[in-house]
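To start, the structure itself, in structure tokens.
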Amino acid sequence: MVLKVYNTLTRSKEEFTPLHGNRVNMFVCGPTVYDYMHLGHARTYIAYDVIARYLRYKKYSLFYIMNITDVDDKIIERAKEKNVHPIKLAVEYENYFMEDMERLGINTVNLFVRASEHLEEIINQVKTLIEKGYAYETETGVYYDVTKFLDYGKLSRQKPEELSQHRVDPDPTKRHPQDFALWKKRSREEFGWDSPWGYGRPGWHIEDTAITVTYFGPTYDIHGGAIELIFPHHEAEIAQAEAATGVKPLVRYWVHTGLLTVRGEKMSKSLGNFITVRDALKKYDAETLRFFFILTHYRSPIDFDEQKLEQARESLRTLYNTLQNLQETEQADELTEEDKNLQTKLQQFKQKFIDAMDDDFNTPVAVSVLFELAHEVNRVIQKNKRISSKLKEDVSNLFKELGGILGILQKPIRKEAETEIVDKLLEVIIEVRNELRNRKEYEIADRIRNRLREVGIVLEDTGKGTRWRFS
RNA sequence: GCCCGGGUGGCCGAGUGGUGGAGGCGGCGGCCUGCAGAGCCGCUUCACGAGGGUUCGAAUCCCUCCCCGGGCUCCA
């Protein structure tokens, strides 16, 4: 089966073929760095992280760029409030963003590109658009004339003339209310740059096309972002780049992720209903957050609810329990009937997982394959009480390999908080408790277990002794 | 107003014309266990917002309607 990707432009799944052989160029709209990263961002960037991991797993040579919007009205407003320089504020939140990304295990981006470092390219692109007759200058800025670009609206399926409703009053100097800003003229007191049209700042959409044309050329493979960006942001990108370079398409596959909502409303900074990544990580570990998100297909909306996060945590624990059960199962040299059977099935599980991912990165189905595998493994262990050493290793490797695509199942069986002293302490407690159990002093033995449970340590008595784990 | 999505079991969530509602979470019963946990077996589960239509056959295609969300120049 070949990889199929849903393309927003055609509203259908298409076979994925990169423009240049094995090379895949992917660009994802990054954050505006004026506040902490929240779970809505996490959802999107985890989705693209999984996509990137899978593309590399499929042996594509992926070059993944994410931009950092560090020039923006919001940043300037916030900087004013806090009485710091906008760039300083942006750098601060960019650092927080990078920390959060790392903690979430999002490590697939090859290059982060700051808008502020590409003013030359931005200005050049605006110049080109004016020269080619797509843009015009007024006393307030430079604007893109959407009537000059016949394809305007092809991504969002809107007719430019119908875009008459506005939340913000359009600038009165524009030829048409739908025209969007490429350069905003500003007074010298404000943060900005010099340009052929005077002092000011770039418009919202121009940084992305200036960056992608610079690094990828006029056409590249995948452009990602959340669904809210289809219009106007991505529509404007198409208009800018295809007009400026004269080459279409700008992007071969437009990919959009569904939004994270809270009680039905979009999680967003402006609504104030957001949970920051750092707060979420205080209560749930990174793999749980990832697992929560990949349990739903990337294009579907997710309504955030802490109960669902807890469900995800329990669900992930089931997989880890299986890994632990496997690890603790006695090894044998020879293969039983069940071992042989499972050994041959491993390839099928792997193929099923890949088929799911090939179908527009269907992570919920891919995860279900992991559960089916876990189920089979547990059955064999349950029946035979032992497993061949080769099978044990193969199963364990397969979980690691497939889990690695999703960014889960990468932790050691016990948490990293484990230290030698904790381990030894528990050894002592378990030893004493088992002595009590031998003497049938169950009341005290149970009290020890219950009290440990309260502090987050679970004791489990198995046929082969007592084991412990963090809850 | 215009454009785009979505409504599946107690909950989450796959499935986009054809044997069984995948998988998970929760609950209940059984095996195992001193008990509990983990795991296994079974049940909870003949569902697809409503009403029409097309078809041998519709959750899936078409029409109308209801509800929810997103976008319409701030946004992952």
Side-chain angles (χ1 to χ4, degrees), chain A residues 8 11 28-32 37-45 47-48 69 72-74 77 146 153 156-159 161-168 170-171 174 177-181 203-205 224-233 235-236 256-261 264-271 291-292 295-297 299-303 305 307-308 310-319 321-322 324-325 328 356 362-372 374-375 377-379 381-383 437 440 442-443 445-446 449-450 453 458-463 466-467 469:
Chain A
T8 306
R11 314 275 156 151
V28 171
C29 285
T32 304
M37 181 178 181
H38 64 62
L39 290 179
H41 303 113
R43 197 265 162 111
T44 296
Y45 299 136
Y48 290 106
T69 302
D72 170 271
D73 290 348
K74 289 255 151 138
E77 265 172 51
V146 299
S156 58
R157 309 211 161 175
Q158 297 192 93
K159 297 187 180 96
E161 60 274 18
E162 279 171 357
L163 296 168
S164 52
Q165 299 248 335
H166 300 281
R167 294 194 213 162
V168 181
D171 183 285
K174 291 198 291 189
Q178 306 92 306
D179 293 349
F180 57 87
W204 176 31
H205 319 296
I227 199 163
E228 61 188 344
L229 297 177
I230 293 175
F231 191 89
H233 191 49
E235 197 70 70
H256 291 98
T257 51
L259 293 178
L260 185 68
T261 59
E265 275 190 320
K266 180 168 77 162
M267 179 180 282
S268 72
K269 291 173 189 170
S270 30
L271 285 171
F291 198 62
F292 168 66
L295 247 19
T296 303
H297 185 84
R299 280 191 281 116
S300 302
I302 301 178
D303 194 52
D305 176 349
Q307 275 184 9
K308 293 182 198 168
E310 279 161 17
Q311 280 192 10
R313 185 177 57 195
E314 293 315 305
S315 195
L316 182 59
R317 178 167 294 153
T318 298
L319 293 177
N321 283 340
T322 301
Q324 189 172 5
N325 289 341
E328 290 170 357
N362 196 331
T363 54
V365 171
V367 167
S368 78
V369 176
L370 296 181
F371 278 98
E372 283 172 10
H375 187 67
V377 170
N378 281 323
R379 262 217 283 243
I381 293 171
Q382 175 93 2
K383 180 152 193 285
R437 289 174 68 218
K440 308 224 185 294
Y442 292 124
E443 203 178 305
D446 288 352
R449 187 172 59 195
N450 292 340
R453 174 104 223 190
V458 180
L459 294 192
E460 293 173 357
D461 301 318
T462 73
T466 302
R467 69 185 189 190
R469 59 175 170 87

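Please read all numbers here as calculations on a predicted model, not as lab measurements. Chain A is the first sequence line, chain B the second, and so forth, proteins listed ahead of strands; every chain is numbered from 1.
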*asked:* So which atom in R469(A) and which in N321(A) form the shortest heavy-atom distance, rounded to 0.1 Å?
replied: NE-OD1, 4.0 Å
*Describe, in one word, how the ring planes of H205(A) and H233(A) are oriented to each other, choosing from parallel (under 30°), tilted (30 to 60°) and perpendicular (over 60°).*
tilted
_Distance alone, cut at 3.5 Å: any donor-acceptor contact between the side chains of T322(A) and N378(A)?_
yes
*asked:* So, does R299(A) get its side chain near the phosphate of G6(B), meaning an N or O under 4.0 Å from OP1 or OP2?
replied: no
_Under 4.0 Å, heavy atoms only, any strand: does G30(A) hit a base, just the sugar-phosphate, or nothing?_
sugar-phosphate
*Can a donor-acceptor pair under 3.5 Å be found between the side-chain atoms of D72(A) and the base atoms of C74(B)?*
no
*Please report the shortest heavy-atom distance between Y45(A) and P31(A), naming the atom on each side.*
OH-N, 3.2 Å
*asked:* What's Y45(A) touching, base or sugar-phosphate or nothing? Going by heavy atoms closer than 4.0 Å.
replied: sugar-phosphate
*Determine whether more than 12 heavy atoms belonging to other residues, nucleotides or ligands lie under 6.0 Å from atom CZ of R157(A).*
yes
*Does T32(A) place a side-chain N or O at less than 4.0 Å from the phosphate oxygens OP1/OP2 of A76(B)?*
yes
*asked:* Run the side-chain contact (heavy atoms from CB on, under 4.5 Å) test against E310(A) and tell me which residues pass, sequence neighbours left out.
replied: Y284(A), E306(A), R313(A)
_Pairing annotation in dot-bracket form, given for RNA chain B with Watson-Crick or G-U pairs under 3.5 Å and | for cross-strand partners_ = (((((((..(((.....[....)))((((((.......))))))....(((((..]....))))))))))))....
_Assuming nearest nucleotide by heavy-atom distance, tell me which of L459(A) and T257(A) is located more 5' along RNA chain B._
L459(A)
*Will you find, in the side chains of Q324(A) and E328(A), an N or O donor that is under 3.5 Å from an N or O acceptor?*
yes
*Just jot down the side chain to side chain donor-acceptor pair (under 3.5 Å) partners of D303(A), sequence neighbours excluded, or say none.*
T261(A)
*Does the side chain of N321(A) get closer than 4.0 angstrom to OP1 or OP2 of A38(B) through an N or O atom?*
no
*So, is K266(A) close to the G71(B) phosphate, meaning a side-chain N or O under 4.0 Å from OP1 or OP2?*
yes
_Base, sugar-phosphate or nothing for R449(A)? Non-hydrogen atoms, less than 4.0 Å._
base
*Which is true for M267(A) with a 4.0 Å heavy-atom rule: it touches a base, it touches only sugar-phosphate, or it touches nothing?*
base
*asked:* Regarding G264(A), tell me which of base, sugar-phosphate or nothing describes its non-hydrogen contacts under 4.0 Å with the strands shown.
replied: sugar-phosphate
*Under 4.0 angstrom, heavy atoms only, what part of the nucleic acid is N378(A) near: base, sugar-phosphate, or nothing?*
sugar-phosphate
*Ignoring hydrogens and angles, answer whether the base of G71(B) and the side-chain atoms of Q158(A) contain a donor-acceptor pair closer than 3.5 Å.*
yes
Listing time: all N or O pairs from protein to nucleotides 58-60 of chain B that are below 3.5 Å?
none

*How many Å lie between CD1 on I227(A) and P on G70(B), as a whole number?*
12 Å
Using the 3.5 Å cut-off, write out each protein N or O paired with an N or O of nucleotides 43-49 of chain B and the distance between them.
none

*Nearest heavy-atom neighbours spanning G225(A) and T44(A)*: C-CG2, 4.5 Å
*Would E314(A) and R317(A) pass as an ion pair if we require N to O under 4.0 Å?*
yes
*Within the distance-only criterion (no hydrogens, no angle test), does the side chain of S368(A) pair as donor or acceptor with the backbone N or O of V365(A) below 3.5 angstrom?*
yes
*Under 4.0 Å between any heavy atoms, over every strand shown, what does I381(A) touch: base, sugar-phosphate, or nothing? Just pick one.*
nothing
*Answer with base, sugar-phosphate or nothing: what part of the nucleic acid does L370(A) contact at a heavy-atom distance below 4.0 Å?*
nothing
*Where along nucleotides 11-24 of chain B does protein come under 4.0 Å, by heavy atom, of base (B) or sugar-phosphate alone (S), with - for untouched nucleotides?*
BSSSS------BSB
